[in-house]
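By convention here, the first residue in the shown sequence is residue 1.
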Amino acid sequence: AIDKALIDRASSLKFIARAGSGLDKMDVPYLEDKGVQFVNAPEGNRDSVGEHAVGMLLSLLHRLNLADLEVREKIWDREGNRGMELKGKTVGIYGYGFMGSALAEKLTGFGCHVIAYDKFKTGYGSDIVEECSLEVFQQRTQILSIHLPLAPDTANLFTLDYLREFPELMIILNTARGGVLDTHAVISLLREGRLHGVGLDVLQNEKLGQMTTAELADFEYLKSNDRVMLTPHVAGWSHESYVRINRVMVSKLEALGLLGAKL
């Protein structure tokens, strides 16, 4: 983490470039106080995140990964793998920044209703997304896709009580940060039979070999549940985004006059 202690030791530090979008590992207020410029590149991996979320969603709705595994074992179960259509469902995008807006764009053409809530933005409603208040968003969302940075006000935001405020909720997707979603709350809803599926690209603790006993128990439940899809924090890490992220960072540093300058 780029914290106060590390920043103080870097006495000649002029700027930090973050190859990605998240700033949760940086003490941004302290960097600003010290006059250190920082750039990140959420524009670079927005399309990768949007496509990954759509891929997870379609697989969960149509049981694509599960059906594939069964057929490989010579199990030909058509009825057991009957899918659900995305058309007509209401997808709620929580956080309408680069990632959330990219998902909305990718959903165009599927015939679903796309709504969004963002605590810090207004006026983003368009022909592809309906801007909603939190209350309306909670009442209408069937498929919840989380696109929030990890910050003090978002850490563990999605608790069990909070998720119960979504009466129509059937699928949860998290391609943001594991720390914003309470894993045990998700498990509780799965055990109650309230969720058709869960797609997690991130976990509260992604160091699988360093989990606590409680975290390990939750992980074992998730990995054994066929309504859960897990990927290793790769939603924004496509071959194309790897190149695009760096191009975005270079262009931002050039615009700030930080490349080629005598620092």
Checklist entry - Between Leu256 and Gln37, which heavy-atom pair has the shortest distance, and what is it? => result CD2-OE1, 3.4 Å
Item to check | Minimal non-hydrogen separation, Leu253 against Ala17, with atom names | outcome: CD1-CB, 4.2 Å
Checklist outcome for this item: So CD1 of Ile245 and CD of Glu240: to nearest 0.5 Å the spacing works out to 11.5 Å
Item to check | Straight-line distance of Leu103 CG to Ile128 CD1, nearest 0.5 Å | outcome: 9.5 Å
Next on the checklist: Before you tell me yes or no, could you show the steps for Thr175 and His147 under side chain to side chain contact (heavy atoms under 4.5 Å, CB included), namely the whole-Å CA-CA distance, both residues' side-chain angles and the distance that decides it to 0.1 Å?
Outcome noted: CA-CA 7 Å; Thr175 54; His147 298 276; 3.4 Å; yes
Checklist entry - Between CD1 of Ile93 and CD of Glu131, what distance do you get to the nearest 0.5 Å? => result 12.5 Å
Next on the checklist: Looking at Lys121 and Gly97, would you say the former's side chain and the latter's main chain have a donor-acceptor pair under 3.5 Å?
Outcome noted: no
Next on the checklist: So does Glu168 get a backbone contact from the side chain of Gln142, meaning a donor-acceptor N/O pair under 3.5 Å?
Outcome noted: no
Checklist entry - Between the main-chain N or O of Tyr221 and the side-chain N or O of Asn225, is there a donor-acceptor pair closer than 3.5 Å? => result no
Checklist entry - If you round to the nearest 0.5 Å, how far is CG of Leu86 from NE2 of His62? => result 7.5 Å
Checklist entry - Are Phe98 and Val49 linked, directly or through other ILVMFWY residues, by side chains that come within less than 4.5 angstrom of each other? => result no
Item to check | Residues Lys34, Ile7; criterion side chain to side chain contact (heavy atoms under 4.5 Å, CB included); working and verdict | outcome: CA-CA 9 Å; Lys34 299 282 284 188; Ile7 296 167; 4.2 Å; yes
Checklist entry - Regarding His233 and Glu206, is there a side-chain donor-to-acceptor distance under 3.5 Å anywhere? => result yes
Checklist entry - Is the side chain of Arg63 donor-acceptor paired with the backbone N or O of Gly80 at a distance under 3.5 Å, no angle test? => result yes
Next on the checklist: With heavy-atom distances below 4.5 Å as the criterion, would you say the side chains of Val180 and Asn156 are in contact?
Outcome noted: no
Next on the checklist: Between Asp3 and Leu6 (side chain of the first, backbone of the second, donor and acceptor by atom type, cut-off under 3.5 Å), is there such a pair?
Outcome noted: yes
Item to check | Sidechain N-carboxylate O distance under 4.0 Å for Arg72, Asp68 | outcome: yes
Checklist entry - Can a salt bridge be assigned to the pair Arg164 and Glu192 using a cut-off of 4.0 Å between side-chain N and carboxylate O? => result yes
Item to check | Heavy-atom donor-acceptor pair, Arg227 side chain to Gly197 backbone, under 3.5 Å | outcome: no
Checklist entry - With side chains defined as the heavy atoms from C-beta onward, is the minimum distance between Tyr94 and Thr141 less than 4.5 Å? => result no
Next on the checklist: Would you say Ser59 and Asn65 are linked by a side-chain donor-acceptor pair, where the criterion is simply a distance under 3.5 Å?
Outcome noted: yes
Next on the checklist: As a quick check of understanding, evaluate salt bridge (charged side-chain N to carboxylate O under 4.0 Å, His left out) for Arg140 and Glu130, giving each step before the final call.
Outcome noted: CA-CA 11 Å; Arg140 293 177 54 190; Glu130 178 185 347; 2.9 Å; yes
Checklist entry - According to a 4.5 Å side-chain heavy-atom criterion applied to Ile, Leu, Val, Met, Phe, Trp and Tyr, with indirect links allowed, do Phe166 and Leu157 form part of one hydrophobic cluster? => result yes
Checklist entry - Side chains of Leu61 and Leu57: closer than 4.5 Å at any heavy-atom pair? => result yes
Checklist entry - Can you name the salt bridge (charged side-chain N to carboxylate O under 4.0 Å, His left out) partners of Glu135, sequence neighbours left out? => result none
Item to check | Glu215 (side chain) donor-acceptor with Asn205 (main chain) under 3.5 angstrom | outcome: no
Checklist entry - Going by side-chain heavy atoms closer than 4.5 Å, which hydrophobic residues are tied to Val248, directly or by a chain of links? => result none
Item to check | Joint cluster assignment, Met84 & Val198, ILVMFWY side-chain distance < 4.5 Å | outcome: no
Checklist entry - Is Ser133 reaching over with its side chain to a backbone N or O of Val136, donor-acceptor style, under 3.5 angstrom? => result yes
Checklist entry - Is any side-chain heavy atom of Ile172 closer than 4.5 Å to a side-chain heavy atom of Leu163? => result yes
Checklist entry - Is there a side-chain contact between Glu165 and Gln139, using heavy atoms and a 4.5 Å cut-off? => result no
Next on the checklist: Between Leu69 and Ile75, does the side chain to side chain contact (heavy atoms under 4.5 Å, CB included) criterion hold? Intermediate values first, please.
Outcome noted: CA-CA 9 Å; Leu69 291 173; Ile75 300 172; over 6 Å; no
Item to check | Pairwise side-chain contact, Lys14 with Val36, heavy-atom cut-off 4.5 Å (strictly under) | outcome: no
Next on the checklist: Working to the nearest 0.5 angstrom, can you tell me the gap between Ser241 OG and Asp47 CG?
Outcome noted: 9.5 Å
Checklist entry - Should Leu203 and Leu60 be regarded as members of a common hydrophobic cluster, given that ILVMFWY residues are connected when their side-chain heavy atoms come within less than 4.5 Å of each other, either directly or indirectly? => result no
Next on the checklist: Working note: Val91 + Ile115, criterion side chain to side chain contact (heavy atoms under 4.5 Å, CB included); need CA distance, chi angles, decisive distance, verdict.
Outcome noted: CA-CA 6 Å; Val91 180; Ile115 63 176; over 6 Å; no
Checklist outcome for this item: Looking only at heavy atoms, the pair that brings Ala176 and Val202 closest together is O-CG1, 3.6 Å
Next on the checklist: Can a side-chain donor-acceptor contact be found between Asp8 and Tyr30 if the only test is distance below 3.5 angstrom?
Outcome noted: yes
Checklist entry - Same cluster for Leu148 and Phe137 if Ile/Leu/Val/Met/Phe/Trp/Tyr side chains link at under 4.5 Å? => result yes
Checklist entry - Counting heavy atoms not belonging to Arg247, are there more than 12 under 6.0 Å from its CZ? => result no
Checklist entry - Where is the tightest heavy-atom contact between Ala104 and Val114, given as atom of each residue plus distance? => result CB-CG1, 4.1 Å
Item to check | Expected output: side-chain Tyr124 to main-chain Asp118 donor-acceptor under 3.5 Å | outcome: yes
Checklist entry - For Ala155 and Leu150, which heavy atoms make the closest approach, and how far apart are they? => result CA-CD1, 3.9 Å
Item to check | Ring centroid separation Phe15 to Phe38 under 6.0 Å | outcome: no
Checklist entry - Between Tyr96 and Tyr117, is the ring centre distance below 6.0 Å? => result no
Item to check | Side chains of Lys223 and Val228 in contact at under 4.5 Å (non-hydrogen atoms) | outcome: no
Item to check | Asn246 and Tyr242: side chain donor to acceptor below 3.5 Å | outcome: no
Checklist entry - Does some side-chain heavy atom of Ile187 sit less than 4.5 Å from a side-chain heavy atom of Thr183? => result yes
Item to check | Electrostatic pair Arg46-Glu43, nearest N-O below 4.0 angstrom | outcome: no
Checklist entry - Going from CD1 on Ile171 to CG on Leu144, what distance comes out if it is rounded to the nearest 0.5 angstrom? => result 10.5 Å
Item to check | Heavy-atom pair with the smallest gap, counting every atom of Val186 and Leu195 | outcome: O-CD1, 4.1 Å
Item to check | Side-chain (Lys106) to main-chain (Ala102) donor-acceptor, under 3.5 angstrom | outcome: no
Next on the checklist: For the residue pair His184 / Asp218, report whether a side-chain donor-acceptor contact shorter than 3.5 Å exists.
Outcome noted: yes
